[in-house]
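These notes concern the structure reproduced below.
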Protein chains: 2
Amino acid sequence: MGATKTEHFTDKQNSIATMAKALGHPARIAIVEYLIKMNECICGDIVNELPLAQPTVSQHLKELKNAGLIKGSIEGNSICYCIDEKTIEKLQNYFAAISKKLEKRNTCC
Amino acid sequence: MGATKTEHFTDKQNSIATMAKALGHPARIAIVEYLIKMNECICGDIVNELPLAQPTVSQHLKELKNAGLIKGSIEGNSICYCIDEKTIEKLQNYFAAISKKLEKRNTCC
DNA sequence: TATGTTTATCGTAATATTGCAATATTAAAC
DNA sequence: GTTTAATATTGCAATATTACGATAAACATA
């Protein structure tokens, strides 16, 4: 086959995987970092920041949006993009919880 | 075309993306969660935990290993798998840093 | 209305991922 | 040495992703 068997896993596992997958490309990491670095919403200007053609960037933005990592709202001629804090927070909480569990783990290996 | 243009991005961006990508599949999330839940290294037993065929699980384990998320050492007949804390910590630090930046961000959107 | 700007979508080629049956490898147990 | 087990590798089909040229859509402005 070739399609991921999402139905065999929990909603939470699928949800975390979806977010992680969206960040699993350096261009999308770069987009997220740019949005954070600029410390505000960015209207336009994202395409020029990346070494990729406009349709490719548009596609990456779409994937980040589908995964809930960014939000985009129409602002006249251009589109205003923002980090979606809630989703980033979910990821952060997830890794924080994992790290905590690892701390008090039995030592081995 | 079709291959990710890693050369255009920073080492750090590529590194984070590689780790995120490795976690971008629910089976691999499930493996990591199982290793953490069991609170110790697991020798054998991982294949039976997942609703996937043995070669598929083996492949997922390989990808987690390549991304540095788990370690595997030969333990007699079977193989002993472990979370690689350092890598998880890198991810955790990354998201913690992002969250911190988002906290003191200008409000918009 | 015509023109330029910005972003999205379509179509498509190249490549990567997912999943598994079959087979190989490795090492313990007999 | 043969059998049994656990895991890896190979080969392949189905599907997904990445990238971009061409084109469309939406809107501002001349």
Side-chain angles (χ1 to χ4, degrees), chain A residues 1-9 13-14 17-32 34-35 41-67 69-82, chain B residues 1-9 13-14 17-31 34-35 41-67 69-82 109:
Chain A
M1 325 287 146
T4 296
K5 293 189 156 181
T6 54
E7 69 276 13
H8 291 311
F9 302 97
Q13 285 167 341
N14 281 312
T18 298
M19 295 184 250
K21 192 175 182 180
L23 292 176
H25 191 291
R28 296 195 288 267
I29 291 286
I31 290 170
V32 166
Y34 181 64
L35 287 177
C41 299
I42 299 302
C43 302
D45 200 27
I46 290 186
V47 169
N48 301 321
E49 274 300 307
L50 292 176
L52 295 168
Q54 180 268 323
T56 309
V57 175
S58 186
Q59 202 173 269
H60 283 308
L61 287 166
K62 193 177 172 185
E63 272 170 73
L64 284 171
K65 216 156 92 180
N66 285 343
L69 286 159
I70 65 173
K71 293 178 285 188
S73 53
I74 296 167
E75 187 73 33
N77 200 9
S78 64
I79 293 196
C80 195
Y81 282 108
C82 252
Chain B
M1 326 286 142
T4 295
K5 293 190 157 181
T6 54
E7 68 276 15
H8 292 311
F9 302 97
Q13 284 167 343
N14 281 311
T18 298
M19 293 182 250
K21 192 176 181 179
L23 293 176
H25 191 290
R28 296 194 289 266
I29 291 285
I31 290 171
Y34 181 65
L35 287 177
C41 301
I42 300 303
C43 302
D45 200 26
I46 291 187
V47 168
N48 301 321
E49 273 301 307
L50 293 175
L52 295 168
Q54 180 269 323
T56 308
V57 174
S58 185
Q59 200 174 271
H60 283 308
L61 287 166
K62 193 178 174 185
E63 274 170 72
L64 285 171
K65 216 156 93 181
N66 286 343
L69 286 160
I70 65 173
K71 293 179 287 188
S73 54
I74 296 166
E75 187 72 35
N77 202 7
S78 64
I79 293 197
C80 195
Y81 282 109
C82 251
C109 295

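Per chain, numbering begins at 1; letters A, B, ... match sequence-line order.
Taking the nucleotide of DNA chain D with the nearest heavy atom to each of B/I46 and A/Q54, the more 5' of the two is matched to B/I46. Residue-to-nucleotide proximity on DNA chain D shows that, of A/I74 and A/Q59, the 5′-proximal contact is made by A/Q59.
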Would you sort out whether A/L61 and A/Y81 count as a side-chain contact (heavy atoms from CB on, under 4.5 Å), showing the intermediate values?
CA-CA 9 Å; A/L61 287 166; A/Y81 282 108; 3.8 Å; yes
Any chance you could lay out the side-chain contact (heavy atoms from CB on, under 4.5 Å) test for A/I42 and A/D45, step after step, and finish with the verdict?
CA-CA 7 Å; A/I42 299 302; A/D45 200 27; 4.0 Å; yes
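The CG atom of B/N14 sits 13 Å away from the P atom of D/dT18 (whole-angstrom rounding). Atom P of nucleotide D/dT7 and atom CG of B/L50 are separated by 12 Å, given to the nearest angstrom. Taking atom CG of B/N48 as the reference point, atom C1' of D/dA5 lies 12 Å away to the nearest angstrom. Note: CG (B/L64) to C1' (C/dT18) measures 14 Å, nearest angstrom. Remark: P of C/dT18 and CG of B/L23 are 12 Å apart, rounded to the nearest angstrom. Between B/E49 atom CD and D/dA6 atom C1' there is a gap of 16 Å when expressed in whole angstrom units. B/E75 has its CD atom 14 Å from the P atom of D/dA8, to the nearest Å. Protein atom CD1 of B/I79 is 11 Å distant from nucleotide atom C1' of C/dT25, rounded to whole Å.
Between A/H25 and A/H60, the ring planes lie tilted relative to each other; the angle falls in the 30° to 60° range.
When each of C/dC20, D/dC20, C/dT18 is scored by its nearest atom to the side-chain atoms of B/A53, the top-ranked nucleotide is C/dC20. With distances taken from any side-chain atom of B/K21 to the nucleotides D/dT9, C/dC20, C/dT17, the minimum falls on C/dT17. Nearest nucleotide to the side chain of A/P55, out of D/dA19, D/dA22, C/dT7: D/dA22. Each of C/dT6, D/dT9, C/dA8 was ranked by its minimum atom distance to the side chain of B/K62; first place goes to D/dT9. Closest to the side chain of A/N77, from the set C/dT5, C/dA27, C/dA16, is C/dT5.
Of the side-chain N and O atoms in B/H60, one or more sit less than 4.0 angstrom from OP1 or OP2 of C/dG19. Here A/T56 reaches the OP1 or OP2 of D/dC20: one of its side-chain N or O atoms lies under 4.0 Å away.
Counting non-hydrogen atoms under 4.0 angstrom, B/S58 reaches a base of the nucleic acid.
Interatomic distance, CG of B/L23 versus CG of B/L69, reported as 5.0 Å (0.5 Å rounding).
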In a table with atom names and distances, give each donor-acceptor pair under 3.5 Å that connects a side chain of residues 51-59 of chain B to protein atoms at least two apart or in another chain.
none

